[in-house]
Participant: 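Structure provided below as structure tokens; questions to follow.
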Amino acid sequence: ADPAVAVRQHLRRDGDTIVVGARAYAGVRRVVLVGAGKAGAPMAQAAVEILGDLVAGGLVIVKEGHLGDSPDPRVELVEAAHPVPDERGAQAAARIAELLGGLREGDLSLVLISGGGSALSTWPAPGLTLAHLQAMTSALLRCGAPIGAINALRKHTTRLFGGQLARLAQPAQMAALIVSDVIGSPLDV
């Protein structure tokens, strides 16, 4: 499987209209790429190639050793730990929130998610620390918890999951390209 090929199959640009899957986003002034996952570097590379000068910036968090080539100086790639989250991922997730918070009407946030994305972008919810989330993840991995259970807990213990990305990006539009490594590809997992 080649994540860049998958992005090229589902993303296209026609002037200021961006088509993601079957949905068109017209009148786009600029695009900010954000994301996380082991396939983040090739996904970002393909997206930058397609979107060209509409890309205003971005940040994609990838697993250590999956950095690849930076797609463009406007899109930063940051390495973080997987499957147990680390400070690099938490800091990068906070920076993604800042990027999204600066979006305006006419902007599009293109979110690139692939396997490992939830561990790589773990930014603790208020009242929790990274150490709490590291201990939770380690305990769940030791007991053999399925990824669905782990990600259900992450939705409630972090700041970017469960619809929070879309909330942060308002009033901009948001689209996502997701490469799943979970059997059956349930989007909530």
Side-chain angles (χ1 to χ4, degrees), residues 7 10-11 16 18-21 23-41 43-44 47-48 51 54-63 71-82 85-130 132-134 136-137 150-180 186-189:
V7 168
H10 298 282
L11 177 66
D16 67 355
I18 307 300
V19 180
V20 182
R23 182 157 181 205
Y25 300 84
V28 175
R29 292 180 320 133
R30 63 188 191 125
V31 177
V32 172
L33 298 176
V34 297
K38 293 176 273 189
M43 291 177 76
V48 167
L51 300 173
L54 281 180
V55 176
L59 190 152
V60 178
I61 310 166
V62 300
K63 181 180 176 181
D72 187 280
R74 297 169 292 177
V75 179
E76 182 181 359
L77 298 179
V78 175
E79 288 182 304
H82 175 277
D86 69 359
E87 186 63 35
R88 295 172 299 169
Q91 289 177 0
R95 290 179 52 215
I96 284 174
E98 287 178 26
L99 278 172
L100 294 177
L103 297 179
R104 301 291 170 249
E105 199 156 323
D107 293 343
L108 175 70
S109 173
L110 181 61
V111 181
L112 307 172
I113 302 292
S114 60
S118 62
L120 293 166
S121 58
T122 298
W123 182 27
L128 296 175
T129 66
L130 180 59
H132 290 129
L133 299 184
Q134 289 169 324
M136 177 187 79
T137 301
I150 294 170
N151 283 348
L153 287 169
R154 284 180 176 152
K155 282 182 207 173
H156 299 287
T157 58
T158 63
R159 297 185 199 205
L160 294 187
F161 309 141
Q164 297 307 307
L165 283 173
R167 182 188 60 76
L168 289 166
Q170 292 177 5
Q173 297 185 85
M174 179 174 278
L177 290 171
I178 302 169
V179 175
S180 174
L187 288 180
D188 62 328
V189 177

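One is the number of the first residue; the rest follow in order along the sequence.
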Participant: Please name all residues satisfying salt bridge (Lys or Arg N to Asp or Glu O under 4.0 Å) with R95, sequence neighbours left out, ordered by chain then number.
Facilitator: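 R95: salt bridge (Lys or Arg N to Asp or Glu O under 4.0 Å) contacts with E76.
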Participant: Could you grab the distance from atom OG1 of T137 to atom NE2 of H132, nearest 0.5 Å is fine?
Facilitator: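 Answer rounded to 0.5 Å: 12.5 Å.
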Participant: For the OG1 atom of T158 and the CD atom of Q164, what is their distance to the nearest 0.5 Å?
Facilitator: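 Reported value, rounded in 0.5 Å steps: 8.5 Å.
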Participant: Who are the side-chain contact (heavy atoms from CB on, under 4.5 Å) partners of R88, not counting sequence neighbours?
Facilitator: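 Counting only residues at least two positions away or on another chain, R88 forms a side-chain contact (heavy atoms from CB on, under 4.5 Å) with E64, E79, A80, A81, D86.
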Participant: Salt-bridge test for D107 and R29: reply yes if a basic N is under 4.0 Å from a carboxylate O, no otherwise.
Facilitator: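 Yes, charged N to carboxylate O under 4.0 Å.
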Participant: Passes side-chain contact (heavy atoms from CB on, under 4.5 Å), D72 versus V55? Steps please.
Facilitator: CA-CA 9 Å; D72 187 280; V55 176; 5.7 Å; no
Participant: Please name all residues satisfying side-chain contact (heavy atoms from CB on, under 4.5 Å) with A176, sequence neighbours left out, ordered by chain then number.
Facilitator: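 Here the qualifying residues are V111, I178.
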Participant: Scan L100, L108, L110 and name whichever one has a side-chain contact (heavy atoms from CB on, under 4.5 Å) with M174.
Facilitator: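 With M174 as partner, side-chain contact (heavy atoms from CB on, under 4.5 Å) holds for just one option, L100.
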Participant: Return the set of residues passing salt bridge (Lys or Arg N to Asp or Glu O under 4.0 Å) with R159 (not counting sequence neighbours), or none when no residue passes.
Facilitator: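 So R159 forms no salt bridge (Lys or Arg N to Asp or Glu O under 4.0 Å) with any residue.
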Participant: For A24, give me all partners under side-chain contact (heavy atoms from CB on, under 4.5 Å), at least two apart in sequence or on another chain.
Facilitator: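 Testing A24 for side-chain contact (heavy atoms from CB on, under 4.5 Å), a comparison that skips the adjacent residues, returns T17, V19.
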Participant: Enumerate, atom names and distances included, each donor-acceptor pair closer than 3.5 Å involving a side-chain atom of residues 31-39, sequence neighbours excluded.
Facilitator:
none

Participant: If we ignore hydrogens and angles and just use 3.5 Å, is the side chain of R154 paired with the main-chain N or O of T122 as donor and acceptor?
Facilitator: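 Absent.
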